[in-house]
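To start, the structure under review is shown below, and the notes come after it.
Everything numeric in this text was worked out from a predicted model, so none of it was measured. We name chains A, B, ... by the order of the sequence lines, and we start the count at 1 in each one.
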There are 2 protein chains.
Amino acid sequence: MIDKTSGVPAYRQVATDIRAKIESGEYAPGAPIPSERTLVDQYGVSRPTIRDAIALLRQEGALIAEHGRGVFVRPRATVQRLSRSRLSRDARTANRGAFLGDASAGGFTPSTTVKIRFEPADERTADLLGLDAGEEVTVRDRVMRADGLAVMLAVSRLPRSITRGTAIEEVNTGPGGAYARLEENGHTLTHFEEIVSARMPTPEEASILQLSSGVPVVRVTRVAYAGRAVEVNDMTLASDRYELIYHIPAD
Amino acid sequence: MIDKTSGVPAYRQVATDIRAKIESGEYAPGAPIPSERTLVDQYGVSRPTIRDAIALLRQEGALIAEHGRGVFVRPRATVQRLSRSRLSRDARTANRGAFLGDASAGGFTPSTTVKIRFEPADERTADLLGLDAGEEVTVRDRVMRADGLAVMLAVSRLPRSITRGTAIEEVNTGPGGAYARLEENGHTLTHFEEIVSARMPTPEEASILQLSSGVPVVRVTRVAYAGRAVEVNDMTLASDRYELIYHIPAD
DNA sequence: CGAGCGAACTGGTATTGACCAGTCGTTCAC
DNA sequence: GTGAACGACTGGTCAATACCAGTTCGCTCG
C-alpha cells in the first residue's frame with residue numbers, strides 16, 4: 001500500500017489514502033476509521049507515522065479524535081446558516097438586537113452573557129471611531145450561544161461620550177438593542193461596514209467556542225455609522241457553525 | 001522550566017512558554033526562534049516533544065518552519081485589504097471585471113488564468129440556479145493572482161442556455177467582464193447574495209495558493225440574480241492576503 | 001438479577017535513536 | 001580573485017518502545 005521509493009513521505013501517502021476513502025464513502029461521515037494499531041498493520045508503518053497522517057487530516061478538519069473511543073470522520077457541519085443580512089431598522093424594532101434576529105430566523109434558542117467595562121481607546125479603536133487615543137470608550141464584551149453552545153464572541157466599543165446615561169452602559173440594553181438606543185438619542189444610523197477575514201483560533205477562543213482542532217474562526221469587524229462612526233464591533237465566529245449571508249444590490 | 005508533576009503535557013507547557021515569549025516580544029516577528037536541538041537542551045525534553053510544541057504553534061499560525069533555515073515567528077500579515085465592496089454597474093463599465101476593480105483599488109498588478117468547460121449541473125448547482133439536474137452549465141475556472149502570487153480561486157457556473165454565443169464562453173470575456181455580457185443580452189442584474197464561511201484548505205488549495213500551514217481559506221459563494229439566478233461563483237481566498245469588505249445600508 | 005470491578009480496547013504522551021534533505025558559510029583548489 | 005566543494009548547521013521523516021488515560025463491555029460477586 002505504501003511505496004517507500006516514491007519520495008513521498010509515508011505519512012502523507014497514508015493520509016492521502018485515508019482521505020480518498022473518506023471521499024469515496026468507504027469511511028462514512030460520523031463513522032470511526034480503524035484504530036491506530038490496526039492501521040499500523042494495514043499499512044506496515046510505525047504508529048508515530050500513522051499518528052502523523054491522522055494529525056494531518058485532523059488539521060484539515062477531516063477527522064476528529066476522541067480519547068478512548070476512536071477517530072471519526074467529521075460529520076457534515078450543522079448548517080445553521082444564521083442569516084446576518086439584516087441590520088434593518090424593521091428587524092431591530094421587531095427583536096432585541098441583531099443576534100436575536102438571527103435566532104428567530106434560525107430556529108434555535110439564543111442566550112448571551114454580557115460584561116460591561118470602560119477603558120481608554122487604543123490606537124486602532126481611536127482611529128476607527130475618529131477619537132483621540134486615550135478617550136474613554138464603553139466596551140460591551142459578549143458571548144452568544146445557540147441552544148447553549150457558544151457560537152460567537154463579540155466585543156463592541158462605542159465612544160463613552162455618546163453612551164453616557166443610556167442603557168448601552170447596562171447589561172440589558174432593552175428592546176431593539178444598542179442600535180435602537182443610539183437612534184433614540186439622535187444618532188440615526190446611516191450604514192454599516194463589515195470587514196471579514198479568517199484565521200486559526202487562539203487556545204482561549206478554541207476553548208470558549210469548543211472548537212475541534214482544524215476549525216478556523218471567522219473574524220468580522222463591523223463599524224456602524226451615524227454620520228460619524230459610532231461603534232466598532234469585533235466578532236469572532238465558529239466557522240463550522242456560522243455562515244454569513246450578505247445581500248448586495250446591483251447598482 | 002517544565003513541571004512534570006502538573007498534569008499539563010510537556011509539549012503544551014513548551015508551547016505556552018514559546019507563545020508567551022512571542023507575545024512579550026522576546027521572539028520578534030520574522031525572527032527565528034532557537035533551533036529544535038537547542039530547545040531540547042533548554043527545556044530538558046526530547047526532540048519529538050519539542051516538535052509537538054512547534055507543530056501546535058504552527059497550527060495556530062504563530063510560527064513558520066523553513067527546512068534547513070529555522071523556525072520563524074510569523075511576520076504580521078500583508079494587509080492587502082482588497083476591497084470587494086463594489087459590484088456596481090459603474091465599476092464594471094470602468095474595468096474588466098470585479099477582480100480587476102479590486103486590483104486598481106489595491107495598487108497591485110493582477111493576472112488571471114482561465115479555463116472554460118461545459119458540464120451537466122450537479123444537484124447543488126441546479127438547485128441554486130433553478131435548473132433541472134443534468135442541464136448543461138458553462139464553467140469558468142479561474143486562478144487570480146496579485147503581483148504573481150495566487151490569492152483567489154474562483155469557479156463560476158452559468159446556465160449554458162444564457163451563455164451560448166456570448167463571450168462568456170470565451171477565455172477573454174471582454175470589457176466589463178461576464179456581468180457586462182449578461183446585461184448586454186437582456187439579463188439586467190438586480191442583486192447578489194454572498195454566503196461567507198471558512199475552513200482549512202485541502203492540500204491542493206494550499207499548494208496553489210502557496211498557503212503556509214495554519215492559514216485557513218475563506219469560502220465565498222456568490223449568486224448573481226437578474227430576475228432569476230444567473231450565476232453561481234464559488235471563490236476560495238487565502239485568508240492571510242485577502243479581506244472582504246461589505247457595505248450595508250441601515251434601512 | 002443487578003451493580004461494580006476489571007480486562008481489553010481506544011487514543012495521548014514521551015523517550016531514544018537514526019538517517020534524509022535543505023541552507024549557508026568557509027575553505028581550498030584553480 | 002573566484003568558484004566549487006565540503007562541513008556544520010537547520011528542519012523533516014521514521015522506527016521501536018513504553019507507559020498513561022479515557023471508554024466500553026462482559027464477567028463476577030453480592
query: Ignoring hydrogens and geometry, is there a side-chain-to-backbone donor-acceptor pair from A:R199 to B:G214 under 3.5 Å?
result: no

- prompt: For B:S35, which contact category applies under a 4.0 Å heavy-atom criterion: base, sugar-phosphate, or nothing?
  reply: sugar-phosphate

- line: Judged by nearest nucleotide, the residue sitting upstream toward the 5' end of DNA chain C, A:P48 or A:I54, is A:I54

message: Can a side-chain donor-acceptor contact be found between A:R142 and A:S156 if the only test is distance below 3.5 angstrom?
response: yes

- prompt: Rounded to whole angstrom units, what separation is found between the CG atom of B:L56 and the C1' atom of C:dT13?
  reply: 14 Å

- prompt: Can you check whether B:R37 has a side-chain N or O nearer than 4.0 Å to OP1 or OP2 of D:dA8?
  reply: no

message: Using whole Å, what does the distance between atom P of nucleotide D:dG11 and atom CZ of B:R51 come to?
response: 9 Å

message: Nearest to the B:A65 side chain among D:dG12, C:dA14, D:dA15, which nucleotide is it?
response: D:dG12

message: Within the 3.5 Å criterion, strictly below it, is a donor on B:T113 or B:R145 matched to an acceptor on the partner's side chain?
response: yes

- line: Between CD of B:E66 and P of D:dG11 the distance, given in whole Å, is 11 Å

query: Whole-Å distance between D:dA16 P and A:D41 CG?
result: 12 Å

message: Stacking between A:H67 and D:dA21, defined as ring centres under 5.5 angstrom apart with planes under 30°, is that present or not?
response: yes

task: Please lay out, stage by stage, how B:K21 and B:D17 fare under the test salt bridge (Lys or Arg N to Asp or Glu O under 4.0 Å).
output: CA-CA 6 Å; B:K21 286 183 175 170; B:D17 194 68; 3.5 Å; yes

- prompt: Please give, in whole Å, the distance from D:dG12 P to A:D52 CG?
  reply: 11 Å

message: Check this one for me: any side-chain N or O of B:T49 less than 4.0 Å away from OP1 or OP2 of C:dT13?
response: no

Spacing of B:I33 atom CD1 relative to D:dG11 atom C1', expressed in whole Å: 11 Å

message: From the set C:dT13, C:dA14, D:dG12, return the single nucleotide nearest to any side-chain atom of B:E36.
response: D:dG12

query: Between C:dT15, D:dG11, D:dT23, which one does the side chain of A:R69 approach most closely?
result: D:dT23

- prompt: Atom CG of B:L39 and atom C1' of D:dC9: how far apart are they, to the nearest Å?
  reply: 15 Å

field: Distance, rounded to the nearest Å, where A:Y43 contributes OH and D:dA15 contributes P
entry: 14 Å

message: Side chains of B:R19 and A:T202 only: does a donor on one sit below 3.5 Å from an acceptor on the other?
response: no

- line: Heavy-atom nearest nucleotide on DNA chain D taken for A:G68 and for A:I50; more 5' hit belongs to A:I50

field: Base C:dG12 paired with A:R47 side chain (donor-acceptor, <3.5 Å)
entry: yes

